[in-house]
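Written below as structure tokens is the structure these notes are about.
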Amino acid sequence: MKKLIILIILMTFFSCEKKRSKIIKGDIFINETGLYYSKSINIVLKEYNDGSLTYGVSDKDNKLIYQQSVFISFAKNQDWLIYVDNQENIWFYSSDIQTTNVLMRDSLNNYKLKNFCKESIKVPEKLLKELSNSSKDFCFTKFDSVSD
């Protein structure tokens, strides 16, 4: 009887977990918590009890590619977005922690974290349109020229 109960609990857990997982096929905005996966990457967007959010990225074997610090979480009520383009580059913007990062994928499927505003990286048109709608100064240039 105990084995049957454990089996039912495990089956329920795994069936619920699959419902929260979403397939990424590129050119997609991630705006809900959960697990997103493609043939080569997994992205987790996690919400904590205080309402703050963080995200992490792993390869298909769950080897960590990037993990945002839990000490620098972003607020779900501020402007933020995560965008995965067709090359599986992962773009992240947050107004409250003033972050404009992209995890750029190279030809060997390695990722490098870059700041797409400071490094003048060409932003995909769909992302640029969304960023322009949410903030006129998404690169935070008014904060870069602070004088003493």
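Owing to the predicted nature of the structure, the values given are computational and were not obtained by experimental measurement. All values below were derived from every heavy atom in this structure, side-chain atoms included, with hydrogens, water molecules and symmetry-related copies excluded.
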Only counting residues at least two apart or in another chain, list the ones meeting salt bridge (charged side-chain N to carboxylate O under 4.0 Å, His left out) with Lys76. Glu47
Glu125 atom CD, over 12 foreign heavy atoms within 6.0 Å: no
Show, in sequence, the C-alpha distance, side-chain angles and deciding distance for Thr99 and Phe92, and conclude whether the side chain to side chain contact (heavy atoms under 4.5 Å, CB included) test is met. CA-CA 7 Å; Thr99 301; Phe92 173 69; 3.7 Å; yes
Partner residues of Asp27 under the side-chain hydrogen bond (donor to acceptor under 3.5 Å, both in side chains) criterion, sequence neighbours left out: Tyr83
Does any non-hydrogen side-chain atom of Ile43 lie less than 4.5 Å from one of Leu35? no
Non-hydrogen atoms of Leu103 and Tyr66 that approach each other most closely: CD1-CB, 3.6 Å
Would you kindly check if the NZ (Lys) or CZ (Arg) of Lys46 is within the cone defined by 45 degrees around the ring axis of Tyr48 and under 6.0 Å from the six-membered ring centre? yes
Just checking Lys126: does its NZ atom have more than 12 heavy atoms from other residues, nucleotides or ligands closer to it than 6.0 angstrom? yes
Separation of Ile24 CD1 from Ile41 CD1 (nearest 0.5 Å): 4.5 Å
Apply side chain to side chain contact (heavy atoms under 4.5 Å, CB included) to the pair Leu128 and Glu130, showing each step before the final yes or no. CA-CA 5 Å; Leu128 187 59; Glu130 188 68 27; over 6 Å; no
Worked check of side chain to side chain contact (heavy atoms under 4.5 Å, CB included) between Leu127 and Asp85: CA-CA 9 Å; Leu127 175 60; Asp85 66 21; over 6 Å; no
Do Val102 and Ile90 make a side-chain contact, defined as non-hydrogen atoms from C-beta onward lying under 4.5 Å apart? no
Before giving the answer on side chain to side chain contact (heavy atoms under 4.5 Å, CB included), spell out for Ser21 and Tyr37 the whole-Å C-alpha distance, their side-chain angles and the decisive distance to 0.1 Å. CA-CA 7 Å; Ser21 300; Tyr37 62 95; 3.6 Å; yes
Which class fits the ring pair Tyr55 and Phe74: parallel under 30°, tilted 30 to 60°, perpendicular over 60°? perpendicular
Parallel, tilted or perpendicular: which describes the rings of Phe138 and Tyr93, with under 30° parallel and over 60° perpendicular? perpendicular
